Amino acid sequence: MRATAIVVIALALAACAHAPPVPAVAPAPAFDGADLVRAIRAAGVAAPGELDVQPLRDTAIEDLRRDAAAHERAGRIAQSAAALDQALALRPDDPAVLQERAEAALLAGDLDAADAHARRAGAHVTDVGPLCRRHHEALLQIAQVRGDGAAATHARTRRDACTVAAAARY
């Protein structure tokens with residue numbers, strides 16, 4: 001009986017020593033946020049003769065956007081994001097601020113936050129013009145970093161559909 005108990009204890013200890021391996025967490029894909037933001041902003045340059053819908057702007061929001069841009073130029077990405085967060089506290093659905101916040105997240109290396117802000121912006125951005133292109137280019141860049149070909153193709157198609165000629169004036 002004593003021998004049986006020793007064997008049972010030995011088997012229990014052996015089972016503990018061979019616990020199943022813990023699956024490794026996939027590392028976040030590497031990317032250069034500054035390169036992505038340059039591509040996004042290049043896509044948002046207005047083309048001559050293009051329809052470009054501009055909303056009326058709140059001066060408090062515009063001041064915070066200017067502060068954010070100044071912080072970004074000085075390399076203070078966290079402060080830039082904080083200024084944009086203040087603007088979003090005032091106007092949570094402003095598509096331009098959401099887009100800029102997505103870009104600040106890319107500059108900070110936070111792909112998930114960039115994706116979340118870009119998707120929120122998508123619910124409020126118009127379907128035409130430079131901001132529309134910039135938005136879909138952000139989704140395209142994020143999809144490419146993640147290796148999601150289907151999402152990248154969808155975003156590219158949507159981005160290209162944003163360019164619409166202005167109506168002829170007589």
Side-chain angles (χ1 to χ4, degrees), residues 27-146 148 151-169:
F31 64 94
D32 182 342
D35 282 347
L36 299 183
V37 170
R38 274 191 290 279
I40 291 165
R41 291 180 181 166
V45 173
E50 169 182 22
L51 180 61
D52 184 6
V53 179
Q54 291 293 322
L56 294 175
R57 292 283 175 197
D58 179 327
T59 55
I61 300 296
E62 289 307 297
D63 288 345
L64 289 165
R65 289 176 73 201
R66 276 192 294 278
D67 290 348
H71 285 304
E72 182 185 318
R73 282 190 302 276
R76 297 184 302 264
I77 304 306
Q79 290 90 337
S80 176
L84 293 168
D85 287 340
Q86 286 179 331
L88 287 171
L90 297 172
R91 293 259 191 263
D93 298 333
D94 187 307
V97 177
L98 285 164
Q99 179 61 41
E100 290 165 6
R101 184 60 181 88
E103 293 166 12
L106 285 173
L107 291 171
D110 190 344
L111 197 63
D112 291 335
D115 187 48
H117 288 297
R119 292 191 185 285
R120 276 187 57 208
H124 306 287
V125 75
T126 64
D127 289 333
V128 298
L131 184 58
C132 173
R133 259 193 324 279
R134 199 165 146 185
H135 164 69
H136 290 293
E137 181 68 24
L139 294 175
L140 169 62
Q141 295 295 327
I142 292 166
Q144 287 177 331
V145 168
R146 290 187 167 154
D148 187 343
T153 298
H154 178 71
R156 186 176 294 108
T157 301
R158 297 286 309 270
R159 178 203 62 198
D160 294 345
C162 293
T163 304
V164 175
R169 298 179 132 193

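Please read these numbers as outputs of a predicted model, since none were measured by experiment.
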> When rounded to the nearest 0.5 angstrom, what distance separates CG in L36 from CG in L106?
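These two atoms lie 5.5 Å from each other.
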
> Please name the pair of heavy atoms, one in A60 and one in L90, separated by the smallest distance, quoted to 0.1 Å.
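The answer is CB-CD1, 4.2 Å.
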
> To the nearest 0.5 Å, what is the distance between CZ (R76) and CG (L107)?
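One finds 14.0 Å between CZ of R76 and CG of L107.
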
> Got a second to check how far L131's CG is from H124's NE2, nearest 0.5 Å?
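If we round to the nearest 0.5 Å, L131:CG and H124:NE2 are 12.0 Å apart.
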
> Would V128 and T163 count as a side-chain contact (heavy atoms from CB on, under 4.5 Å) here? Give the steps.
CA-CA 6 Å; V128 298; T163 304; over 6 Å; no

> Side chain of R159, backbone of H136: donor and acceptor closer than 3.5 Å?
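Absent.
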
> Sequence neighbours left out, what pairs pass side-chain hydrogen bond (donor to acceptor under 3.5 Å, both in side chains) with at least one residue falling in residues 77-87?
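Listed once each, the pairs are D85-R101.
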
> At their closest point, which heavy atom of F31 faces which heavy atom of D110, and how far apart are they?
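Looking at all heavy atoms of both residues, the shortest contact is CZ-N, 4.3 Å.
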
> Could you please spell out the steps behind the side-chain contact (heavy atoms from CB on, under 4.5 Å) verdict for D58 and D94?
CA-CA 10 Å; D58 179 327; D94 187 307; over 6 Å; no

> Looking at R146 and D112, does any basic side-chain N land under 4.0 Å from a carboxylate oxygen?
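Counted as a salt bridge, because a side-chain N and a carboxylate O are separated by less than 4.0 Å.
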
> Which pairs with one or both residues in residues 64-140 pass disulfide bond (SG atoms under 2.5 Å apart), sequence neighbours excluded?
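Every disulfide bond (SG atoms under 2.5 Å apart) pair that includes a residue of residues 64-140, provided the two are not neighbours, is C132-C162.
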
> Under the side-chain contact (heavy atoms from CB on, under 4.5 Å) rule, what do E72 and I77 come out as? Steps first, then yes or no, please.
CA-CA 5 Å; E72 182 185 318; I77 304 306; 4.1 Å; yes

> Restricting to side chain to side chain donor-acceptor pair (under 3.5 Å), what partner residues turn up for D127, sequence neighbours left out?
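Residues passing side chain to side chain donor-acceptor pair (under 3.5 Å) with D127: none at all.
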
> Checking the side chain of R134 only, and the main-chain atoms of E100 only, is there a donor and an acceptor separated by less than 3.5 Å?
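Such a contact is absent between R134 side chain and E100 backbone.
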
> May I ask you to decide whether D160 forms a salt bridge with R156, counting only side-chain N to carboxylate O separations under 4.0 Å?
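Salt bridge absent between D160 and R156.
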
> Work out which heavy atom in D67 is nearest to a heavy atom in A83; give both atom names and the distance.
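Closest approach of D67 to A83: CB-CB, 4.4 Å.
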
> Looking at NE2 of H154 and CG of L140, how far apart are the two atoms once the value is rounded to the nearest 0.5 Å?
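Rounded to the nearest 0.5 Å, the NE2-CG separation comes to 11.5 Å.
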
> Of all the heavy-atom pairs spanning V145 and A30, show the shortest one and how long it is.
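Answer, listing the atom of V145 first, then A30: CG1-O, 4.4 Å.
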
> Which value, rounded to the nearest 0.5 Å, describes the distance between L64 atom CG and R91 atom CZ?
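Spacing of CG (L64) from CZ (R91) equals 11.5 Å.
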
> Is the shortest distance from a Lys or Arg side-chain nitrogen in R65 or E62 to a carboxylate oxygen in the other one below 4.0 Å?
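Answer for the salt bridge query: yes.
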
> Walk me through whether Q141 and V37 qualify under side-chain contact (heavy atoms from CB on, under 4.5 Å).
CA-CA 9 Å; Q141 295 295 327; V37 170; over 6 Å; no

> To the nearest 0.5 Å, tell me how far D93 CG sits from L88 CG.
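Those atoms lie 9.0 Å apart.
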
> Grab the two heavy atoms, one from R133 and one from A47, that are nearest each other, plus how far apart they are.
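Closest heavy-atom pair between R133 and A47: NH2-N, 4.2 Å.
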
